[in-house]
Number of protein chains: 2
Amino acid sequence: MAGSERGPRERMVFSAAQLIRRHGVDATGMRDVAAHAGAPRGSLQHYFPGGKEQLVGEALRWAGRYAADRVARFLAAMERPTPSGLFGAMVGQWTDEYERAGFAAGCPVAAATVDCAASSEATRKAAADAFAAWTRPVADALTGMGVPEARSEPLATLMISALEGAIVVARAERDVRALTTVARELGPLLDAAAPRA
Amino acid sequence: MAGSERGPRERMVFSAAQLIRRHGVDATGMRDVAAHAGAPRGSLQHYFPGGKEQLVGEALRWAGRYAADRVARFLAAMERPTPSGLFGAMVGQWTDEYERAGFAAGCPVAAATVDCAASSEATRKAAADAFAAWTRPVADALTGMGVPEARSEPLATLMISALEGAIVVARAERDVRALTTVARELGPLLDAAAPRA
DNA sequence: GAGCTACTATGACGACTGTCATAGCGAGGG
DNA sequence: CCCTCGCTATGACAGTCGTCATAGTAGCTC
């Protein structure tokens, strides 16, 4: 998850996502992003002439791709994939981070939605696209595990909703309890939808 | 949900919650709160000497109580309460609002968590208390419906997590799809945990 | 070397923000 | 009448924000 060998533009997008994860969109300043990325302040208007809205949008697109890549990676690492196994891996990524690095950061897409859904149509749409980019591979994976097509997308939405909500509750409580709970309670329901699993 | 007949102090707390619901904590200014409440600006420092942190904290406490009251109200309105019925009512409150008034607002507790969990310990704790004040009556209700004590709290956490996540997804998508999905998919699982329901 | 292009550097602008200081109001009680 | 007390009113402060204007540098090509 490190990003210091790429170009300054990518580093700023990455840093924006990281800072939004921690403090939300409004509390993340452009100067902070440049400083966090080790990039010159003057590069902001050069690479992002669309201003903060463009930078946030690209950070969300980055987050959507990242989440989708993680899903693919989880699947590749499982010799015998099951819905509960995939969900457990998705949840486990968050419990691992929280136990290792503390509860400072959440999901950047959720943060952008909370801060900007009512004020910036462009950012709201970027968040929706990020959720879509994340939901699609999860639904496809469920289908590949034998879940009927008609239920794959609803179950993927359930998985992502429960995960997002549990992230919020866990950060508020500073306890991974909510995350481990949703993984444990939802596992059997998910596996029951995949007959040949 | 109107609050114009109470005193100015209560109105400001209520207005703070409403504005946080829409724009997050950072984008909600103290002057905006006073204006929205129709209260004089000078009253802010008089009623909330602890500043913005105090006002946000009281708004979250208000939100926690409000959510708990709604749970009690839902239960009272059901002649034969079931877990899926309660969850459906909780979700329905949000789908109703979104279809009636648009997707401008989310949950103030989630918004405060996203914006302040890493920056204000007092606000983070207020959010955790609000979640606890909401979870407890839900868990108690489940127990009253026949859910074993050991599973009531985990299931209540699952309900609230799924609801909170679905709210975020629904606001991003400007579509109640995620909300109706979690209600439909989670209903049978919840009822299966209440043998005598 | 001139000229063009990509990128960097820096100061300024106006519009906010939360907080504070100070003063003013009106009613109630001595 | 005066004094206090709850509440209001308003201007100011220091700080930060996103954005812009302008200038400067490095590297490339002709």
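Keep in mind that the numbers below use all heavy atoms, side chains included, and drop hydrogens, waters and symmetry copies. Since we're looking at a predicted model, the values are computed, not measured.
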- Gap between atoms CG and C1', on L55(A) and dT19(D) respectively (whole Å): 14 Å
- Message: In whole Å, I'd like the distance from the CZ atom of F48(B) to the P atom of dC7(D).
- Response: 12 Å
- For the pair L55(B) and Y47(B), evaluate side chain to side chain contact (heavy atoms under 4.5 Å, CB included) and give the outcome as yes or no after the intermediate values. CA-CA 9 Å; L55(B) 177 57; Y47(B) 288 117; over 6 Å; no
- So what does D26(B) touch, heavy atoms closer than 4.0 Å: a base, only the sugar-phosphate, or nothing? nothing
- Item | Side-chain H-bond candidate by donor/acceptor type, T135(B) with E153(B), under 3.5 Å | no
- Message: Please enumerate all residues that pass ring-ring contact (aromatic ring centres under 6.0 Å, His included) together with F74(B), with sequence neighbours excluded.
- Response: none
- Determine, step by step, whether T82(A) and L190(A) satisfy the side chain to side chain contact (heavy atoms under 4.5 Å, CB included) criterion, reporting the C-alpha distance in whole Å, the side-chain angles of both residues, the deciding distance to 0.1 Å, and the verdict. CA-CA 9 Å; T82(A) 62; L190(A) 297 172; over 6 Å; no
- What is the distance from CG of L19(A) to P of dT16(D), rounded to the nearest Å? 16 Å
- Aromatic ring pairing W94(B)/Y98(B), orientation class (parallel under 30°, perpendicular over 60°, tilted between): tilted
Extract from the structure each pairing of a protein N or O with an N or O of nucleotides 10-13 of chain D at less than 3.5 Å, listing the distance.
residue : atom : partner : partner atom : Å
dG11(D) : N7   : R41(B)  : NH2          : 3.1
dG11(D) : O6   : R41(B)  : NH1          : 3.4
dG11(D) : O6   : R41(B)  : NH2          : 3.2
dA12(D) : N6   : R31(B)  : NH2          : 3.4

- Message: If I take atom NE2 in residue H46(B) and atom P in nucleotide dT22(C), what distance separates them, rounded to the nearest angstrom?
- Response: 18 Å
- When the ring planes of W62(A) and Y66(A) are compared, do they come out parallel, tilted or perpendicular, using 30° and 60° as the limits? parallel
- Message: Apply side chain to side chain contact (heavy atoms under 4.5 Å, CB included) to residues L86(A) and M145(A) and explain how you reach the verdict.
- Response: CA-CA 10 Å; L86(A) 173 59; M145(A) 296 172 196; 4.2 Å; yes
- Message: Can you see whether T113(B) engages R124(B) through a side-chain donor-acceptor pair at a distance of less than 3.5 angstrom?
- Response: no
- Item | Euclidean distance, atom OH of residue Y47(A) to atom P of dT19(D) [Å, nearest integer] | 18 Å
- Message: Nearest to the side chain of M30(A), heavy atoms from C-beta on, is which of dT19(D), dC7(C), dG18(C)?
- Response: dT19(D)
- Task: Rounded to the nearest angstrom, tell me the gap between atom CG in D115(B) and atom P in dG18(C).
- Result: 13 Å
- Rounded to whole angstrom units, what separation is found between the CE atom of M12(B) and the C1' atom of dG18(C)? 15 Å
- Message: Let's go through M90(A) and V138(A) carefully: what are the C-alpha distance in whole Å and the side-chain angles of both, what is the deciding distance for side chain to side chain contact (heavy atoms under 4.5 Å, CB included) to 0.1 Å, and is it a yes or a no?
- Response: CA-CA 10 Å; M90(A) 291 165 61; V138(A) 173; 4.3 Å; yes
- Message: Among dT17(C), dT8(D), dG18(C), which nucleotide has an atom closest to any side-chain atom of P40(B)?
- Response: dT8(D)
- Item | Terminal axes of the helix from dG1(C)-dC30(D) to dG30(C)-dC1(D) (five pairs each): angle between them, nearest 10 degrees | 20°
- Of the candidates dC7(D), dC17(D), dT17(C), the side chain of K52(A) sits closest to dC17(D)
- Task: Figure out the NE2/C1' separation between H23(A) and dT17(C), and round it to whole Å.
- Result: 18 Å
